[in-house]
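Everything on this sheet refers to the single structure shown next.
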Amino acid sequence: LRRRKRRNQKRGRNSPFFSMFFDALRDKADRIKSIKVDKLLSEIWRDPITQKFIINLNTEEQLFFGLKANGEILPRYASSEYLNEKRAAGVALNPFINLKLSGAFYKSFDVIPNSVGFLIDANTNIYPDSGDFVDVYGLDILGLNENNTEKLTRYLQEEIQKWIKVILDV
């Protein structure tokens, strides 16, 4: 019995394997503690791929279908002839205004990171004769609706996991 106890003790807390395992675990714990969430999110917001993803959500997956950030639908086109012209040009799928003609408005979108996240900005007065889009359609043409906010949340979760793997050297 005594020999067995001694063998088990060698495999216990004093064993080299145990020590290496806990040293590695301590190192990973220290790396996790060093993660500054605000700094990590700031890096993600500044990433051009993330910004492109956010802009695409606001423009192609939302405005193009006549949807605003607050869940409202943009008005219908007043002229069926104009709608047919836009459909023929491939820049309209439904009868709701989508603020896409030449693509210049959509191309003017920008993501501006700030201390609490980001701001979506765009040149809303791109066609001065038509009036500023924010004045005509409201501020909610800039921003993400609930569905796209959920898509962004899933995207952020994946990005955060990637960063943590890099930090932990996994």
Is there a donor-acceptor contact under 3.5 Å linking the side chains of Y77 and N98? yes
Kindly indicate whether the side chain of [X], heavy atoms from C-beta on, has any atom under 4.5 Å from the side chain of [Y].
| X | Y | result |
| --- | --- | --- |
| I141 | F105 | yes |
| F133 | L142 | no |
| I126 | Y106 | no |
| N147 | K151 | yes |
| L74 | L63 | yes |
| I160 | I164 | yes |
| P95 | R87 | yes |
| D140 | E72 | no |

What's the separation between atom CG in N125 and atom CG in D129, rounded to the nearest 0.5 Å? 9.5 Å
Drop me the distance from N70's CG to N145's CG, to the nearest 0.5 angstrom. 9.0 Å
Measure across [X] and [Y] and return the closest heavy-atom pair with its distance rounded to 0.1 Å.
| X | Y | result |
| --- | --- | --- |
| L101 | K86 | N-NZ, 4.4 Å |
| G90 | F64 | O-CZ, 4.3 Å |
| Q51 | D110 | OE1-OD1, 4.4 Å |
| A69 | Q62 | N-NE2, 3.5 Å |

What's the verdict on salt bridge (charged side-chain N to carboxylate O under 4.0 Å, His left out) for R46 and E43, showing C-alpha distance, side-chain angles and the deciding distance? CA-CA 5 Å; R46 292 181 196 297; E43 287 292 324; 5.9 Å; no
Answer with yes or no whether the hydrophobic clustering places I49 together with F53; edges join I, L, V, M, F, W, Y residues whose side-chain heavy atoms lie under 4.5 Å apart. yes
Any sub-3.5 Å donor-acceptor pair from N84's side-chain atoms to S80's backbone N or O?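 It does hold such a pair.
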